[in-house]
Amino acid sequence: MARYEPKTAEPRQQARWAQANAFVTRDTGRPKYYVLEMFPYPSGNIHMGHARNYVMGDVVARSKRAQGFDVLHPMGWDAFGMPAENAAMERGIHPKGWTYSNIATMREQLKLLGLSLDWSREFATCDPEYYGKQQAWFLELYRRGLVYRKDGVVNWDPVDNTVLANEQVIDGRGWRSGAVVEKRKLNQWFLRITDYADDLIEGLKTLDRWPEKVRLMQENWIGRSKGLQMTWAFAGPAPEGFDAGVEIYTTRPDTLFGASFLGLAPDHPLSKQLAEADPRVAEFVAKCREGGTSQADIEQAEKIGWDTGLKVRHPFTGADVPVWIANFILSEYGTGAIFACPAHDQRDLDFARKYDLPVIPVVRPEGAGDDFAVDDEAYVGPGTIFHSDFLDGLDIEAAKAEAVRRVEAAGTGQGATIYRLRDWGVSRQRYWGCPIPIIHCPSCGPVEVPADQLPVELPEDVTFDTPGNPLDRHPTWKHVKCPSCGAEATRETDTLDTFVDSSWYFARFTDPKAAQPIDKAAADRWLPVDQYIGGVEHAVLHLLYARFVTRALSDAGLMDVKEPFAGLFTQGMVVHETYRRPDGQWVEPTDVELSNDGGVRSARQRSTGETLTIGDIEKMSKSKKNVVAPAEILESHGVDAGRLFVLSDSPPERDVQWTPGGVEGASRFVQRAWSLFDAYDPAFAGEDKANADLLRETHKAVKAVSEGVEGFRFNSAIAKLYAFVATIRDNDKAGGEARRQALSALARLIAPFTPHLAEECWSRLGEDGMVLDAPWPVWDAALAADDEVVLPIQINGKRRAEIRVARGMEPSAVEALVLADETVKARLEGLSVKKIVVVKDRIVNLVAG
RNA sequence: GCGGGCGUGGCGAAACUGGUAGACGCAACGGACUUAAAAUCCGUCGGGCGCAAGCCCUUGCCGGUUCGACCCCGGCCGCCCGCACCA
């Protein structure tokens, strides 16, 4: 009996696949299936989280291929971004060289995993060929009015004189300089994603193969709310420029009669104007800007306000209402001004109590009388409107409608829908990104780079020894003639947010060499992606941007699909125990061994007798040193065991804990499975009964594994495979056709998980081609069912006996048998049966008393 | 605060639509093989009582619906994730 040797078998099969060009996409007119895993950032190494992600995709790709689909399963690189610039700054390496060298390393690492990827379609987003096409469609959207310029706020590091990304701001300070970061306004490019806000919400309803959680997160992120936008006129002279009054937004027009004050955000234009005129107001507004922006700070921040002394007139009662500036009002949401109804809004109530402003209840809960009052807790529940003139007696929804109707009739406002979602600021003051293909001309303004001059390529002779954008200080790159008038002009030196790069790559994969950004025929053939797989951390930004860009490009005629990803699966992480020395230093798993007292110790520090503390189980990370590299596993147990383990121990959406024992278990399975094939003797005919049993077990296994794979329950599917292997092994009286069928099915069922092993097994069976191209086994429901079933017999809900009957036996017949059963009779001694429940082929329950 | 998810052996977990709770794996323990170890194979493995047949308890807690509840409903407790002064 020969041991299975992954070290020789795996390279052998990979060479075979390579030789046959086995993974080049077939387009033969059969139904298509597009499987895509979120492409990686080329950080330098493939880690276990990548591996799990791609193995899941590979299981889908291989099983769909076996089921007869034309499968598209490409891979590429999300290659622009800051780490490359950081490497340039820290180590003097050019971002381009660093990135492409990482890609080369990671490509080789990925290839070792035996993934069925079509490498002929590979590209990196930093290839000029790719980003040039991106520039082309960017200009198309520009012409369509979906791209525009306005002032946007950036994080500015005053010491390094540079713009910082949000992740470079730590506790309000620049990560490199440590200087307190300022907010600065810069003229920047935006994509009009808000044009699609409604459509992006509506589209979520069609995504029935997305996790509910992700759909909710997107819906909340877009944050649509319906309400009333209206203007409150000043009582008395209006401040200059505010003759019409102050415009507010509310979702609670039903509570207008409970208005107690009008609130302005500190950044509201009127607040600013007042601050310019009065230093005390300026001081107050400045005070509002103080304090951290962390969650804890916001939670604890006390509400503070400033009475402007101004009064506005209540739209219904005509009463004077004071205008306050308040720190809890957001300038970016709605109109930056509100009317406050303290009785029915907790924030307003806190504020009103502090500044002794009126609290007027106008919604009465059921059962409460006209004396209903609130103390320190605002009433936000359902009820009936009171103290509200013409709204009295209405419920909340009716009152909202009526209030809006009245305001609209008076001409001072209208019903309005607003969104939390802002337009997408895509300008980055960085080098390593896609250049924005615009030329600024002093007389013509922003001018498109003509199509024949695309791509606008990044210059390579740049330096990173000073902070700021190298494109901006490059001696020649930005100086060009205006394409429109020929005058001296300058290029835009901002580059695009890398989320733009990843918002359409799935479409480019359908024909990565196309002259157009997207080949319409190819996109029509392959899109949408049938199964997209990646981390939940992209639930909002990447997935929302991709949905938006897909709509925009489809509206521009580049393709014809609304939703890019028909199915989405968000997989869990690979986690590992952490280990620390007494001095707090982290210790790598490879350096950890069991000590004599049952604890763990560092192998390298064995002599000191020092014990390690086992810490939390956390995501594998360099900082905690709890990393196991995929390469280590290939070396020790082989790819297949590793592939099997990352899917076997937990449901795919949940985190899986990497343990050495777990991989060994997977490795043992590989050996056990192989030994069945290795010992296969076609000449052994077997015994009839055993053959029939094995045949039935085969159909059962095919059914269970197929359903597990289809339903993304890979852990359950693998458990069934383990059980099936045990069944075949234990059933040593079975041979002949039954055994051949069992092994044939087994080889095909394990193929998506352990493809190298499966090929070896397939060959051992004497099959000619590759298991890769063998059809997925089918099961026969009749053959998969047992002839006899064991029915548990419950008496008063407790299991007391069991009975073996023919499958499908009618309840009346079962009933007779049960009542005749000796055990049951003994049990029923002295009791009378009141009711008998028989569920066919399932269970019997006797109710007796 | 709002929204979502989860709670099952020593551990990771399974249980299709309400029908034998704990499949499969890990760890542990016992045994076989071996001079020995590793590897492999066989067996035990939720808790309690019992010589045994068997009985009782057990899916975070309390209650409900049902012939029957890990599953459905109500209420609590705990953990995780997302958003968050969004009017």
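So you know, we letter chains A, B, ... as the sequences are listed, proteins then strands, and number each from 1.
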Exercise. Give one of base, sugar-phosphate or nothing for A/Ser650, where a contact means two heavy atoms less than 4.0 Å apart.
Key: sugar-phosphate
Practice problem: Return the nearest nucleotide to the side chain of A/Arg842; candidates are B/C16, B/A27, B/G4. | Solution: B/C16
Quiz item: From B/A87, B/U40, B/G19, pick the nucleotide closest to the side chain of A/Tyr333?
Solution: B/A87
Self-check item: Interatomic distance, A/Leu721 CG vs B/C24 C1' [rounded to whole Å]
Solution: 11 Å
Practice problem: Identify whether any heavy atom of A/Ile836 sits under 4.0 Å from a base atom; if not, whether one sits that close to sugar-phosphate; answer base, sugar-phosphate or nothing. | Solution: nothing
Quiz item: To the nearest angstrom, how far is A/Lys354 atom NZ from B/C85 atom C1'?
Solution: 14 Å
Quiz item: Are A/Arg215 and A/Glu219 close enough for a salt bridge, meaning some N to O gap below 4.0 Å?
Solution: no
Quiz item: Could one point to a donor on the side chain of A/Arg420 or the base of B/C83 with an acceptor on the other under 3.5 Å away?
Solution: no
Quiz item: Would you call the rings of A/Trp424 and A/Tyr545 parallel, tilted or perpendicular if under 30° counts as parallel and over 60° as perpendicular?
Solution: parallel
Quiz item: Just by distance, do the side chain of A/Asp655 and the backbone of A/Met573 share a donor-acceptor pair under 3.5 Å?
Solution: yes
Exercise. Measure the distance from CD on A/Glu653 to P on B/G12 and round it to the nearest whole Å.
Key: 16 Å
Quiz item: Between B/C45 and B/G9, how far is it from one C1' atom to the other, in whole Å?
Solution: 9 Å
Quiz item: Angle class for the A/Tyr722/A/Phe669 ring planes (parallel below 30°, perpendicular above 60°, tilted otherwise)?
Solution: parallel
Quiz item: Which nucleotide, B/G12, B/C24, B/C81, lies nearest any side-chain atom of A/Asp649?
Solution: B/G12
Quiz item: If you measure from the P atom in B/U35 to the same atom in B/U20, how many Å do you get, rounded?
Solution: 49 Å
Quiz item: What nucleic acid atoms does A/Asn715 come within less than 4.0 Å of, heavy atoms only: base, sugar-phosphate, or nothing?
Solution: sugar-phosphate
Quiz item: Which nucleotide, B/C85, B/A15, B/A87, lies nearest any side-chain atom of A/Ser225?
Solution: B/A87
Quiz item: Distance between the C1' atoms of B/G12 and B/G82, in whole angstroms?
Solution: 25 Å
Exercise. Could you give the distance separating B/U8 and B/U59 at their P atoms, to the nearest angstrom?
Key: 11 Å
Quiz item: Between A/Phe351 and A/Lys303, is there a cation-pi geometry (under 6.0 Å to ring centre, at most 45° from the normal)?
Solution: no
Self-check item: Touch class at under 4.0 angstrom, heavy-atom based, for A/Gly223 against every strand present
Solution: nothing
Quiz prompt | Qualifying residue for side-chain contact (heavy atoms from CB on, under 4.5 Å) with A/Leu746, from A/Leu721, A/Thr727, A/Thr698, A/Val702 | solution = A/Leu721
Practice problem: Would you mind classifying the nucleic acid contact of A/Thr250 as base, sugar-phosphate or nothing, using non-hydrogen atoms under 4.0 angstrom? | Solution: sugar-phosphate
Self-check item: Closest-nucleotide 5' rank along RNA chain B - winner of A/Ile718 and A/Trp221
Solution: A/Ile718
Practice problem: Report yes if a side-chain nitrogen or oxygen of A/Arg654 is closer than 4.0 Å to either non-bridging phosphate oxygen (OP1 or OP2) of B/A14; otherwise report no. | Solution: yes
Self-check item: Whole-Å distance separating the CE atom of A/Met573 from the P atom of B/C80
Solution: 13 Å
Practice problem: Check whether any side-chain nitrogen or oxygen of A/Ser716 sits under 4.0 Å from OP1 or OP2 of B/A13, and answer yes or no. | Solution: no
Practice problem: With RNA chain B as reference, determine whether A/Ile843 or A/Gln657 sits nearer its 5' end, using the nearest nucleotide of each. | Solution: A/Gln657
Quiz item: B/A87 P sits how many Å from A/Ile325 CD1, rounded?
Solution: 22 Å
Quiz item: Any idea which of B/A87, B/A23, B/G3 is nearest the A/Leu330 side chain?
Solution: B/A87
Quiz item: How would you label the glycosidic angle of B/G9: syn (within 90° of 0) or anti?
Solution: syn
Exercise. Please name the pair of heavy atoms, one in A/Ile248 and one in A/Thr335, separated by the smallest distance, quoted to 0.1 Å.
Key: CA-OG1, 3.2 Å
Quiz item: Considering only the P atoms, how many Å lie between B/C26 and B/C62, rounded to the nearest integer?
Solution: 35 Å
Quiz item: Hey, where does RNA chain B pair up into stems, meaning at least three consecutive Watson-Crick or G-U pairs with distances under 3.5 Å?
Solution: B:1-7 with B:77-83, B:10-12 with B:24-26, B:28-32 with B:40-44, B:46-49 with B:54-57, B:60-64 with B:72-76
Practice problem: Considering only atom P, compute the distance from B/C76 to B/A23 and round it to an integer number of Å. | Solution: 35 Å
Quiz item: When the ring planes of A/His344 and A/Tyr379 are compared, do they come out parallel, tilted or perpendicular, using 30° and 60° as the limits?
Solution: perpendicular
Practice problem: Could you check how far CG of A/Leu216 sits from C1' of B/A84, rounded to whole Å? | Solution: 16 Å
Practice problem: Determine the interplanar angle of the A/Phe712 and A/Phe714 rings, folded into 0 to 90°, and report it as parallel if under 30°, tilted if 30 to 60°, perpendicular if over 60°. | Solution: tilted
Quiz prompt | Electrostatic pair A/Asp786:A/Arg807 at N-O distance under 4.0 angstrom | solution = no
Quiz item: Base, sugar-phosphate, or nothing for A/Arg672, non-hydrogen atoms under 4.0 angstrom?
Solution: sugar-phosphate
Practice problem: Round to the nearest Å and state the distance from A/Phe328 atom CZ to B/A84 atom C1'. | Solution: 15 Å
Practice problem: For nucleotides 55-71 of chain B, just jot down a letter per nucleotide in 5' to 3' order: B, S or -, based on protein non-hydrogen atoms under 4.0 Å. | Solution: SSS---------BS---
Exercise. For A/Arg729, report the nucleic acid contact type (base, sugar-phosphate, nothing); a contact means any heavy atom under 4.0 Å.
Key: sugar-phosphate
Exercise. Return yes if some donor-acceptor pair links the side-chain N/O of A/Arg252 with the main-chain N/O of A/Asp345 below 3.5 Å, else return no.
Key: no
Self-check item: Distance below 4.0 Å between A/Arg3 side-chain N/O and B/A39 OP1 or OP2
Solution: no
Quiz item: What integer number of Å spans the C1' atoms of B/G3 and B/C55?
Solution: 48 Å
Quiz item: In whole Å, what is the span from the CZ atom of A/Arg252 to the P atom of B/A87?
Solution: 11 Å
Practice problem: Evaluate the ring planes of A/Phe499 and A/His542, with Trp represented by its six-membered ring, and classify them as parallel (under 30°), tilted (30 to 60°) or perpendicular (over 60°). | Solution: parallel
Quiz item: When rounded to the nearest Å, what value does the distance between C1' atoms of B/A39 and B/A32 take?
Solution: 14 Å
Quiz item: Is A/Gly665 touching bases, backbone alone, or none of the nucleic acid, heavy atoms closer than 4.0 Å?
Solution: sugar-phosphate
Quiz item: Side chains of A/Asn626 and A/Thr578: is there a donor and an acceptor less than 3.5 Å apart?
Solution: no
